[in-house]
> 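Got a structure here, written out as structure tokens. Questions coming.
Residue indices begin at 1 and follow the sequence shown.
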Amino acid sequence: MTFYEDKEKLYKNMSRIGVDFPSTEEKGFFKFVKLPVVSIESFLKEFASLLEKENFDVVVLNSVNPVLELTERREERRAILLNFLYQLTSSIIGLLVVLAEVEAGSENVEIGSIDFVADAVIYLKHRVEHGLLSRIMELRKIRGLPLQTVEIPFVIIEGKGIRVFKPPKPGEICPGSIKKLSTTVREFLKGLGSLKTGDILLVSYPSWGRTPLTLLPLVDLAVTNDSKILFVTFLYSSDVIEELLTGIMQDYLNFEAGLAKEVLKKYLHIASFNPSAYSPSHLMMLLADLIESVNPEIVVFHGGEVLTATYKGFKDFWINHRNLMVWLKNKGKIVVNYFARTDPH
């Protein structure tokens with residue numbers, strides 16, 4: 001139910017994010033109603049009449065602002081909300097969703113006591129940091145549920161809709177059962193002693209010393225332990241990494257080109273991201289999704305210096321990054337971070 005939304009425009013916009021209202025309407029699951037805003041009394045009467053004629057599992061009011069703007073007195077707004085919304089919830093078996101618009105620059109809805117009437121209050125916000133857009137879903141209130149994480153990132157993806165991401169925030173560091181991995185590269189174990197599930201490694205090298213040889217132990221770990229590797233690079237394209245790894249196997253392990261490609265196909269999943277194109281929370285969401293779908297034993301982050309340089313100044317980056325590392329550790333993943341040293345630190 002809306003006061004100003006055009007039906008065709010709404011349907012067109014929603015189709016862009018994968019919501020097909022026309023077919024849903026044809027099947028009898030959706031009804032679009034546009035009401036004129038004349039007076040509060042006429043609106044309440046029309047609204048009640050619609051609900052008497054049909055039973056709805058979900059009723060959406062978009063938005064409540066035009067109705068409440070018909071009265072200037074704050075006390076009257078409060079009374080309308082209390083009476084009207086409580087009457088609605090008693091006449092609807094399912095869910096009532098009331099949208100309210102917030103003025104630019106404000107984070108509060110000036111419409112009386114809706115926060116007290118509602119069972120759940122969710123604010124959709126956005127921030128612009130260094131030219132990148134971050135969308136935030138703030139949970140102000142969920143009745144009966146103790147809230148710990150109150151800010152949840154979300155994105156609007158064309159063809160897919162709204163994607164909500166609950167960042168991994170493990171309360172404890174507990175990697176679970178530990179398993180040792182084998183390797184035939186003896187030099188690799190000299191400084192480590194042993195390599196176990198849940199370990200987090202940092203491979204650091206001068207910016208002028210980007211030798212592909214540092215990737216050789218990865219190939220050995222994958223083949224020796226029959227383990228899948230997710231290789232995420234923030235520096236090169238997937239094709240360049242594939243070419244580097246193929247070259248290493250041919251030059252140093254004497255693999256034929258065909259065998260090298262078979263090993264890559266079986267043991268490695270390579271992905272490339274440009275951090276400049278995403279906010280930190282959006283990128284962390286993409287990485288967590290990718291890790292869940294690939295389900296590798298070893299996760300490699302290559303070009304960490306690009307990531308940290310891009311997100312320098314973003315207050316939530318290191319928190320999200322730290323939580324991602326602990327989340328991977330608790331899942332028993334081995335994490336290898338490749339990081340070029342660009343200064344004494």
Side-chain angles (χ1 to χ4, degrees), residues 129 132 134 148-149 151-153 155 164-181 183 188-189 191-205 214-215 217-218 221-222 225 227-236 241 268-343 345:
E129 295 181 281
L132 294 173
S134 297
Q148 294 178 329
T149 301
E151 285 196 343
I152 300 176
V155 292
V164 179
F165 173 57
K166 187 173 183 296
K169 291 190 176 181
E172 298 180 13
I173 302 175
C174 47
S177 58
I178 295 173
K179 185 180 79 174
K180 286 186 178 182
L181 270 70
T183 176
F188 188 56
L189 290 178
L192 294 174
S194 64
L195 191 61
K196 307 179 292 296
T197 53
D199 280 349
I200 299 177
L201 281 71
L202 173 65
V203 180
S204 177
Y205 42 84
T214 57
L215 305 177
L218 294 176
L221 280 172
N225 299 277
S227 297
K228 183 132 189 173
I229 294 178
L230 171 60
F231 192 106
V232 179
T233 178
F234 306 110
L235 187 62
Y236 301 129
I241 296 298
L268 273 98
H269 182 102
I270 304 170
S272 175
F273 291 95
N274 173 18
S276 301
Y278 307 96
S279 66
S281 57
H282 189 181
L283 182 60
M284 292 298 161
M285 180 192 78
L286 295 173
L287 291 175
D289 275 355
L290 184 61
I291 291 161
E292 291 280 19
S293 62
V294 176
N295 192 26
E297 285 79 22
I298 302 168
V299 180
V300 177
F301 296 111
H302 177 261
E305 68 278 7
V306 177
L307 194 67
T308 54
T310 303
Y311 293 146
K312 186 178 181 181
F314 284 82
K315 58 184 179 181
D316 60 339
F317 167 65
W318 281 111
I319 295 172
N320 286 333
H321 191 271
R322 167 68 179 168
N323 286 331
L324 183 69
M325 293 296 111
V326 176
W327 178 65
L328 288 169
K329 187 180 189 72
N330 289 353
K331 290 173 81 70
K333 310 294 184 186
I334 291 177
V335 183
V336 185
N337 294 286
Y338 282 89
F339 205 113
R341 297 190 298 273
T342 52
D343 58 41
H345 302 290

> Determine the minimum heavy-atom distance between V155 and M285, stating which atoms define it.
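Shortest heavy-atom separation between V155 and M285 comes out as CG2-CE, 3.5 Å.
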
> Under the side chain to side chain contact (heavy atoms under 4.5 Å, CB included) test against N337, which residue among V203, L202, L307 passes?
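With N337 as partner, V203, L202, L307 yield a single side chain to side chain contact (heavy atoms under 4.5 Å, CB included), made by L202.
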
> How close do T233 and H302 get, counting heavy atoms only, and between which atoms?
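Here T233 and H302 meet closest at OG1-ND1, 3.1 Å.
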
> Partners of K180 by side chain to side chain contact (heavy atoms under 4.5 Å, CB included), sequence neighbours excluded?
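Residues passing side chain to side chain contact (heavy atoms under 4.5 Å, CB included) with K180: S194, K196.
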
> Could you state the interatomic distance from CG (L230) to CG (L268), rounded to the nearest 0.5 Å?
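The CG atom of L230 sits 9.0 Å away from the CG atom of L268.
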
> Once you round to the nearest 0.5 Å, how far does CZ of F231 lie from CG of L215?
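One gets 5.0 Å once the value is rounded to the nearest 0.5 Å.
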
> Taking side chain to side chain contact (heavy atoms under 4.5 Å, CB included) as the definition, give me every residue that meets it alongside N225, ordered by chain and number, with sequence neighbours left out.
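Partners of N225 under the side chain to side chain contact (heavy atoms under 4.5 Å, CB included) test: L181, S182, L221, S227.
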
> Ignoring hydrogens and geometry, is there a side-chain-to-backbone donor-acceptor pair from Y278 to L286 under 3.5 Å?
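Checked: no pair found.
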
> Would you tabulate the side-chain donor-acceptor contacts of residues 269-277 under 3.5 Å, counting partners in other chains and residues two or more places apart, or write 'none'?
{"residue": "S272", "atom": "OG", "partner": "Y236", "partner atom": "O", "Å": "2.8"}
{"residue": "N274", "atom": "OD1", "partner": "S276", "partner atom": "N", "Å": "3.2"}

> For residues T183 and L195, determine if any side-chain heavy atom of one lies less than 4.5 Å from a side-chain heavy atom of the other.
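No, their side chains stay 4.5 Å or more apart.
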
> Are any of the side-chain heavy atoms of Y205 and Y338 separated by less than 4.5 Å?
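Yes; the side chains approach each other to less than 4.5 Å.
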
> First locate atom CG of L287, then atom NE2 of H282, and finally report the distance between them rounded to the nearest 0.5 Å.
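Separation between the atoms: 10.0 Å.
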
> Check side chain to side chain donor-acceptor pair (under 3.5 Å) between S204 and all other residues, then give those that pass, not counting sequence neighbours.
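S204 satisfies side chain to side chain donor-acceptor pair (under 3.5 Å) with R341 once adjacent residues are dropped.
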
> May I have the list of side-chain donor-acceptor pairs in residues 289-301 shorter than 3.5 Å, sequence neighbours left out?
{"residue": "D289", "atom": "OD1", "partner": "R163", "partner atom": "NH2", "Å": "2.5"}
{"residue": "D289", "atom": "OD2", "partner": "R163", "partner atom": "NE", "Å": "3.3"}
{"residue": "D289", "atom": "OD2", "partner": "R163", "partner atom": "NH2", "Å": "2.8"}
{"residue": "S293", "atom": "OG", "partner": "D289", "partner atom": "O", "Å": "3.3"}
{"residue": "S293", "atom": "OG", "partner": "L290", "partner atom": "O", "Å": "2.9"}
{"residue": "N295", "atom": "OD1", "partner": "K333", "partner atom": "NZ", "Å": "2.9"}
{"residue": "E297", "atom": "OE1", "partner": "K228", "partner atom": "N", "Å": "2.6"}

> List for me each residue that meets side chain to side chain donor-acceptor pair (under 3.5 Å) alongside T310, sequence neighbours excluded, and say none if there are none.
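By the side chain to side chain donor-acceptor pair (under 3.5 Å) rule, T310 matches no residue at all.
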
> Shortest non-hydrogen contact from M284 to N320?
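Result for this residue pair: CG-CB, 3.8 Å.
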
